[in-house]
Amino acid sequence: MSATSETLAQHNEALDAPVHIGAVSLRVRDLPGLTTFYRDAIGLSVLSQDADHAVLGAGGEPLVKLEAGARHPSSAAGLFHMAILLPSRRDLGNWLRHAAETRIGLEGASNHLVSEALYLSDPEGNGIEIYRDRSRPEWPRLDGGRIAMATERLDLDALLRDAEPQAYAGMPEGTVMGHVHLRVGDVQQAEGFYRDALGFEVMVHYPGASFMATGGYHHHIAANTWHSRGAGPRRDNEAGLSSFELVARDAEAHSALSRRLAASGGDAGSVVDPWGNRVTLRD
């Protein structure tokens with residue numbers, strides 16, 4: 001890979017926006033087991049840990065927060081997947097090689113035109129996407145300039161050829177939470193909340209799904225009804241998604257988003273969406 005291509009690959013498209021995604025918090029049944037999974041299988045580092053909580057991340061950045069105390073199974077609404085964004089295609093190849101060598105089961109692998117993605121679930125059924133972005137100049141566009149996305153076959157052999165030969169060292173510095181994809185009861189209602197109330201822009205529609213973002217990214221938040229049409233609010237203490245963070249790029253964006261949260265029925269620091277998913281603003 002040329003130096004120019006490597007630079008493009010490592011530019012973080014998800015963070016090049018007024019608001020992006022921070023850490024995702026999961027409520028779990030088996031805190032030690034899930035902590036081990038996200039450390040050893042996913043490759044995150046344990047940043048802090050006690051009897052009831054664990055925080056894991058990469059390069060010192062918190063990405064996944066685990067909370068003990070799940071008392072009910074996850075209902076239809078909630079997390080479809082959280083998406084961990086790696087800095088480059090080589091990093092994605094390194095993780096795929098690690099998965100193959102340690103027999104981590106994948107549930108899918110897709111070329112989305114704007115990105116390349118691998119899919120799996122943790123031992124409690126929380127969906128995980130691990131992906132890398134193509135640079136924005138490579139994103140295909142429809143008439144009118146809208147982003148084109150698709151779900152095509154990903155060439156895993158080609159991806160493995162980009163992997164480095166040495167033992168896997170975990171997810172590298174520069175890894176971030178690229179987006180969250182939610183299961184909701186109604187897509188239009190989700191757009192009414194995340195677009196109209198919180199200020200995200202609809203980037204792409206799929207049948208039964210909407211993809212929303214700030215700053216022209218392909219999506220920071222997605223919502224689908226593929227297995228949750230008509231779902232109501234989640235119960236307290238359900239397993240699965242507890243909350244996710246929004247991170248503002250600067251003081252102006254932070255103030256604007258804080259006002260939107262408060263106007264949407266929450267307070268200056270957090271709000272709950274129509275399905276009981278808590279959205280928090282990182283200070």
Side-chain angles (χ1 to χ4, degrees), residues 9 12-14 17 20-21 24 42 76-97 99-100 104-122 125-163 175-188 190-191 194-195 200-213 216-229 231 241 244:
N12 197 310
E13 302 293 355
H20 60 86
I21 303 299
V24 173
I42 301 302
L79 185 69
F80 187 64
H81 62 240
M82 57 181 163
I84 299 172
L85 174 58
L86 295 172
S88 72
R89 191 171 202 267
R90 178 168 294 170
D91 294 315
L92 187 61
N94 289 343
W95 189 86
L96 178 60
R97 181 173 176 270
I104 298 168
L106 297 183
E107 297 170 354
S110 297
N111 172 10
H112 292 304
L113 307 183
V114 297
S115 63
E116 294 179 309
L118 305 170
Y119 296 93
L120 69 159
S121 293
D122 73 19
N126 298 295
I128 303 166
E129 175 182 343
I130 299 174
Y131 76 113
R132 72 98 183 181
D133 273 328
R134 291 187 167 93
S135 65
R136 292 197 191 203
E138 296 177 276
W139 295 356
R141 303 280 173 169
L142 303 171
D143 292 342
R146 294 185 71 83
I147 295 169
M149 292 173 61
T151 300
E152 299 181 351
R153 177 183 173 273
L154 179 60
D155 187 339
L156 296 180
D157 290 334
L159 184 57
L160 283 171
R161 287 195 291 272
D162 271 357
T175 300
V176 302
M177 191 63 68
H179 64 267
V180 291
H181 192 149
L182 304 173
R183 303 189 313 260
V184 300
D186 183 270
V187 169
Q188 289 186 335
E191 289 183 349
Y194 288 103
R195 178 193 62 198
F200 287 77
E201 179 185 358
V202 175
M203 305 303 294
V204 177
H205 277 126
Y206 273 20
S210 179
F211 297 79
M212 296 166 275
Y217 189 54
H218 52 75
H219 67 296
H220 291 107
I221 297 173
N224 78 67
T225 58
W226 297 331
H227 302 288
S228 56
R229 186 177 302 277
L241 182 64
F244 65 91

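Tested against Asn111, the residues Glu116, Arg153, Arg134 include a single side-chain hydrogen bond (donor to acceptor under 3.5 Å, both in side chains) partner, Arg134.
Crowding of Glu152 atom CD: a count of heavy atoms from other residues, nucleotides or ligands under 6.0 Å exceeding 12. The number of heavy-atom neighbours closer than 6.0 Å to NE2 of His205, taken from other residues, nucleotides and ligands shown, is above 12.
A distance of 12.0 Å separates CD in Glu107 from CD in Glu129, rounded to the nearest 0.5 Å. Residue Glu191 holds its CD atom at 9.0 Å from CG of Asp186, rounded to the nearest 0.5 Å. Atoms CD and OG, from Glu13 and Ser115 in turn, are 11.0 Å apart once rounded to the nearest 0.5 Å. With values rounded to the nearest 0.5 angstrom, Leu96 atom CG is found 10.0 Å from Arg89 atom CZ. The CZ atom of Arg136 sits 8.5 Å away from atom NE2 of His218, with the distance rounded to the nearest 0.5 Å. Taken from CG in Leu86 to CG in Asn12, the straight-line distance is 10.5 Å, to the nearest 0.5 Å.
Although no hydrogens or angles enter the test, the distance criterion places no donor-acceptor pair under 3.5 Å between the side chain of Asp162 and the main chain of Leu159. Side chain of Trp95 to main chain of Ile42: a donor-acceptor pair is present (N/O by atom type, distance under 3.5 Å, no hydrogens or angles). Ser228 places a side-chain N or O within donor-acceptor distance of the main-chain N or O of Val184, the cut-off being under 3.5 Å. Judged by distance alone, the side chain of Arg183 and the main-chain N or O of Leu79 form a donor-acceptor pair under 3.5 Å.
The two residues Ser210 and Val187 come nearest to each other via the heavy atoms CB-CG1, 3.7 Å. In plain terms, the two heavy atoms of His112 and Tyr119 that are nearest each other are NE2-OH, 2.6 Å. The shortest non-hydrogen separation linking Ala109 to Leu118 is CB-CD2, 3.8 Å. Contact record, Leu160 with Gly93: CD2-O, 4.2 Å, taken as the closest heavy-atom pair. The two residues His220 and Gly178 have their closest heavy-atom pair at CD2-O, 3.8 Å. Residues Thr175 and Pro87 share a closest heavy-atom pair of OG1-CD, 3.8 Å.
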Evaluate side chain to side chain contact (heavy atoms under 4.5 Å, CB included) for Leu113 paired with Ile147, printing each intermediate quantity in order. CA-CA 10 Å; Leu113 307 183; Ile147 295 169; over 6 Å; no

From CA spacing to verdict: side chain to side chain contact (heavy atoms under 4.5 Å, CB included), Leu241, Leu182: CA-CA 9 Å; Leu241 182 64; Leu182 304 173; 3.7 Å; yes

Set out, in order, the CA-CA distance, both residues' side-chain angles and the distance that settles side chain to side chain contact (heavy atoms under 4.5 Å, CB included) for Met177 and Leu85, then state yes or no. CA-CA 6 Å; Met177 191 63 68; Leu85 174 58; over 6 Å; no

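Here Phe211 and His181 bring their ring centres to under 6.0 angstrom of each other.
Contact of the Ser121 side chain with the Ile128 side chain is not registered, since no non-hydrogen atoms from C-beta on lie closer than 4.5 Å.
For His179, the ring-ring contact (aromatic ring centres under 6.0 Å, His included) criterion is met by His81, Tyr131, His219, not counting sequence neighbours. Taking the salt bridge (charged side-chain N to carboxylate O under 4.0 Å, His left out) definition, one finds that Arg146 meets it with nothing, sequence neighbours left out.
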